[in-house]
**Student:** 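This structure is in C-alpha cells; I'll ask about it shortly.
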Amino acid sequence: MAPTKKVQSRGARRTQHTQWTQRTSLPQLDKRQSVVSKAAYLLGVPTFIFEKDHEPPDWEIYQELEECRQARVIRNLCILRTELFKRYKILCTKAPPGNKKLFALADYAPEDCVSHLSQDGVNLLWTFYQPVECILEINRLIADQIAGCRDIFPLWIRWDYIENLFIVPDGLTAAGIQSAANMYLRNRPLYPYQVYMNWTPVNEGNILYSDMKFAVLLYRWNNDNFTDFNKVSSTDRQSKKDIHSFLEDSKKAVIVVDCENSDPYKLCAALRALERDTMDRISKIILYDDSHSASAWRILGSYVNCPVEHIMIDRVKKEKSLVDIRLTAGACKEFYQNAVDSFILVSSDSDYWGLISALPDARFLVMVERNHVSGSLKETMDSAGIAYCYLDDFCSGDCGDIKTGALVREMNAFLKNSIRITVRDMMEHASRAARVELSEVEWQQFHSKIVSQMQVVAGEDGTIGIQIQE
C-alpha cells in the first residue's frame, strides 16, 4: 500500500515557488537486504526465519509481501513443491498400479498453503494418480505466474536471472521432475534453508545472507559478472555515526542542498540509510533548485521521511545560475532569524566555502560526491576542522522507486507535449472517411463504448502509438 502524502502550498512568487512536502507514513527499513528477503519469501523460506533478528530475511518485507496476492501464490506453490520433493522417493514407492488414486495433496502439504492458494483463486486438482502429475501442475502454475512478481524486485538486478531460480529445467516432463527431485535430495543441506530452487548446488554458505553475495553468485550462475556494487554495498557506517554525532550536538539543524551540484538519488539513499532518531533531529530539508537541474528534486519530498522545502530559482540570464547566491542568503536567514545553529550542506562546489567562512558561529557538515569534489576543497575543510562525508558511500540499491517516479514524470510530460489529439476532430474525420452518419446520441454512445477505450501500444521497435480496439 502506497504511503500517504501531505502537501501544503506556501504560495508562489515570480522568481520563487516554495512547496512543503512531507511523507507521513514511511517505513524505516534497512533495505540493503531487500533482494534476498524478497527471494526468500517467494522461494518459501519458513516464516520463523524471518522473525529471527540475526537472520538476513527481513520480517517487515515478509509482511509487505503478504499483502501481494501474486507473491503469496508463488510462495505457497514453492512451499508445496519443496514438500513434495522432500517426500518424492516415498511417494513414488507408494504409487499403486492401475488407475487407483495415489494421494490427496493436502495429506502431504502444509494445510495453510492449500487453503491460502484456494483463497487466492488457484485451484489445483488436489488428487493425483502419480506424484509427478502433481509436481508438473505446480511447475506449470509457477512458470505461468512468476512474471507477476517482476515488479517486486528493483530494476538494477536482472529479472531473467531471478525468474530462472523458480523454473525447474524440463519441469513439464517426468524426466525433468525426477532429475530435479534427485538433485535436491542428494544435496538438500546445500539449498538455502533447504527450500528448492533451480541452481547447481555447491557449498557457498548461506547464499541468502546479503544482497551483495546473492547478486554476485546469481550473475555467476548465469555466466555473467555483477559489477554495480554501489547498489548492494555500503561503507557508510562511519558516515552515519558522524552525522548522528553532529546532529546530537546541535540545537536546531537543517539540510541545505545545492541541487545543481548534487545527485538527488544519492542524497535519497543517504537519507534513507539514517536511523529514525537521526532523521528526527533534522527540522527540514531546503532544496535550492534551478530549472537546469535534475527534475527528481521536485519529487524528493515524497521519498524521504522529513519535511522538504523546495525553492525554485529563476535565472536572470540563461547562462547564469543564482542558486549559490540564494542558498547563501537562505542559510544566513536560517541562522540569524530562525535560530538554526547547524547545517548539513549538500554540494561539491567549492563556492560555498564563502558561506562557511561567513558564519563562524554556525556548525557545518558537508556531504560531497567523491568524483566531483576537488582535493583543494577537502584540504581546506580538513584544515578548518569542517566535517564532510561522501554521498557515494551510501547504498543506492533501494532508490529505484524515486528513479522510476522521476522517469514516469518526465515521460508523462513528454507525452503531454508530443501527443495532442482532439477527440471530436478525430471522430468527425472518421465519419467523413467511412461515410457514416451518426446522431448525437449515437456519437455519445460510440464515444463511451469505443473511443474511451483507447490504449497506448508500445511496438517492438520502441515506437509508441495509440490504438482503438476494433
**Student:** Measuring from atom OH of Y191 to atom CZ of F85, what distance do you get when rounded to the nearest 0.5 angstrom?
**Tutor:** 8.5 Å
**Student:** When you measure from the side chain of R72 to the backbone of D120, do you find a donor-acceptor pair of N or O atoms at a distance under 3.5 Å?
**Tutor:**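 Checked: no pair found.
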**Student:** Answer yes if the side chains of E309 and Y288 hold a donor-acceptor pair under 3.5 Å, and no otherwise.
**Tutor:** no
**Student:** Given side chains that start at C-beta, do those of V346 and L391 come closer than 4.5 Å, heavy atoms only?
**Tutor:** yes
**Student:** Report the C-alpha separation of R220 and E204 in whole Å, then their side-chain angles, then the decisive distance to 0.1 Å, and conclude whether the salt bridge (charged side-chain N to carboxylate O under 4.0 Å, His left out) test is met.
**Tutor:** CA-CA 12 Å; R220 185 190 303 167; E204 298 280 7; 3.8 Å; yes
**Student:** Using a strict threshold of under 4.0 Å (side-chain N to carboxylate O), is an ion pair present between D160 and R150?
**Tutor:**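 Salt bridge flag = no for D160 with R150.
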**Student:** Applying salt bridge (charged side-chain N to carboxylate O under 4.0 Å, His left out) to D289 and R298, what does each step give before you reach the verdict?
**Tutor:** CA-CA 9 Å; D289 199 0; R298 283 61 151 181; 3.0 Å; yes
**Student:** Are S342 and K252 side-chain neighbours, meaning at least one heavy-atom pair lies under 4.5 Å?
**Tutor:** no
**Student:** Considering only heavy atoms from C-beta outward, does the side chain of Y88 approach that of I135 to under 4.5 Å?
**Tutor:** yes
**Student:** Can any side-chain N or O of N305 pair as donor or acceptor with the backbone N or O of M279 at less than 3.5 Å?
**Tutor:** no
**Student:** Determine whether a donor-acceptor pair (N or O, by modelled atom type, separation under 3.5 Å) exists between the side chain of R81 and the backbone of F166.
**Tutor:**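 Judged by distance alone, yes, a pair lies under 3.5 Å.
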**Student:** Please determine whether a side-chain nitrogen of the Lys or Arg among R140 and D144 lies less than 4.0 Å from a carboxylate oxygen of the Asp or Glu.
**Tutor:**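 Result for this pair is yes, salt bridge flagged.
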**Student:** Short question: side chain of S179, backbone of G176 - any donor-acceptor pair under 3.5 Å?
**Tutor:**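 It does not hold such a pair.
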**Student:** Is it the case that S348 and E369 place a side-chain donor and acceptor less than 3.5 Å from each other?
**Tutor:**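 No - no donor-acceptor pair under 3.5 Å links their side chains.
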**Student:** Would you say the side-chain atoms of T47 and Y62 include a donor-acceptor pair closer than 3.5 Å?
**Tutor:**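 Yes, because at least one side-chain N or O of T47 sits under 3.5 Å from a partner of the opposite role on Y62.
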**Student:** In terms of ring plane angle, is the pair F50 and Y41 parallel, tilted or perpendicular, where the classes change at 30° and 60°?
**Tutor:**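 F50 vs Y41 ring planes: perpendicular.
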**Student:** Apply side chain to side chain donor-acceptor pair (under 3.5 Å) to S37 and D58, showing your working.
**Tutor:** CA-CA 6 Å; S37 297; D58 187 278; 5.5 Å; no
**Student:** Do F214 and Y209 have side chains that approach each other closer than 4.5 Å (heavy atoms only, starting at C-beta)?
**Tutor:**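 No - every pair of side-chain heavy atoms lies 4.5 Å or more apart.
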**Student:** State whether the side chain of N198 and the backbone N or O of I167 hold a donor-acceptor pair below 3.5 Å, judged by distance alone.
**Tutor:**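 Confirmed, N198 side chain pairs with I167 backbone.
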**Student:** Please lay out, stage by stage, how K241 and H244 fare under the test side-chain contact (heavy atoms from CB on, under 4.5 Å).
**Tutor:** CA-CA 5 Å; K241 185 177 178 181; H244 182 81; 5.8 Å; no
**Student:** Would the distance check show the side chain of S210 and the main-chain N or O of K213 forming a donor-acceptor pair, the cut-off being under 3.5 Å?
**Tutor:** yes
**Student:** Checking K266 against F394: charged group under 6.0 Å from the ring centre and within 45 degrees of the axis?
**Tutor:** no
**Student:** The test is side-chain contact (heavy atoms from CB on, under 4.5 Å); show your working for L365 and Y388 and say whether it passes.
**Tutor:** CA-CA 5 Å; L365 183 149; Y388 64 90; over 6 Å; no
**Student:** May I ask you to decide if the ring planes of W156 and F226 are parallel, tilted or perpendicular, using 30° and 60° as cut-offs?
**Tutor:** tilted
**Student:** Between H116 and D112 (side chain of the first, backbone of the second, donor and acceptor by atom type, cut-off under 3.5 Å), is there such a pair?
**Tutor:** yes
**Student:** Short question: side chain of S448, backbone of Q444 - any donor-acceptor pair under 3.5 Å?
**Tutor:**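 Not at all, since once roles are kept as given, no pair shorter than 3.5 Å links the two residues.
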**Student:** Check the pair R158 / N222 against side chain to side chain donor-acceptor pair (under 3.5 Å), numbers first and verdict last.
**Tutor:** CA-CA 10 Å; R158 286 282 298 265; N222 289 276; over 6 Å; no
**Student:** Using a 3.5 Å distance criterion without hydrogens, assess whether the side chain of K38 forms a donor-acceptor pair with backbone atoms of I61.
**Tutor:**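 No; zero donor-acceptor contacts below 3.5 Å.
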**Student:** If we check side chain to side chain donor-acceptor pair (under 3.5 Å) with D393, which of these qualifies: Q238, R237, R370?
**Tutor:**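 It is R370; the other options fail the test.
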**Student:** If we ignore angles and hydrogens, is there a donor and acceptor under 3.5 Å between the side chains of T173 and D170?
**Tutor:**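 A donor-acceptor contact under 3.5 Å links the two side chains.
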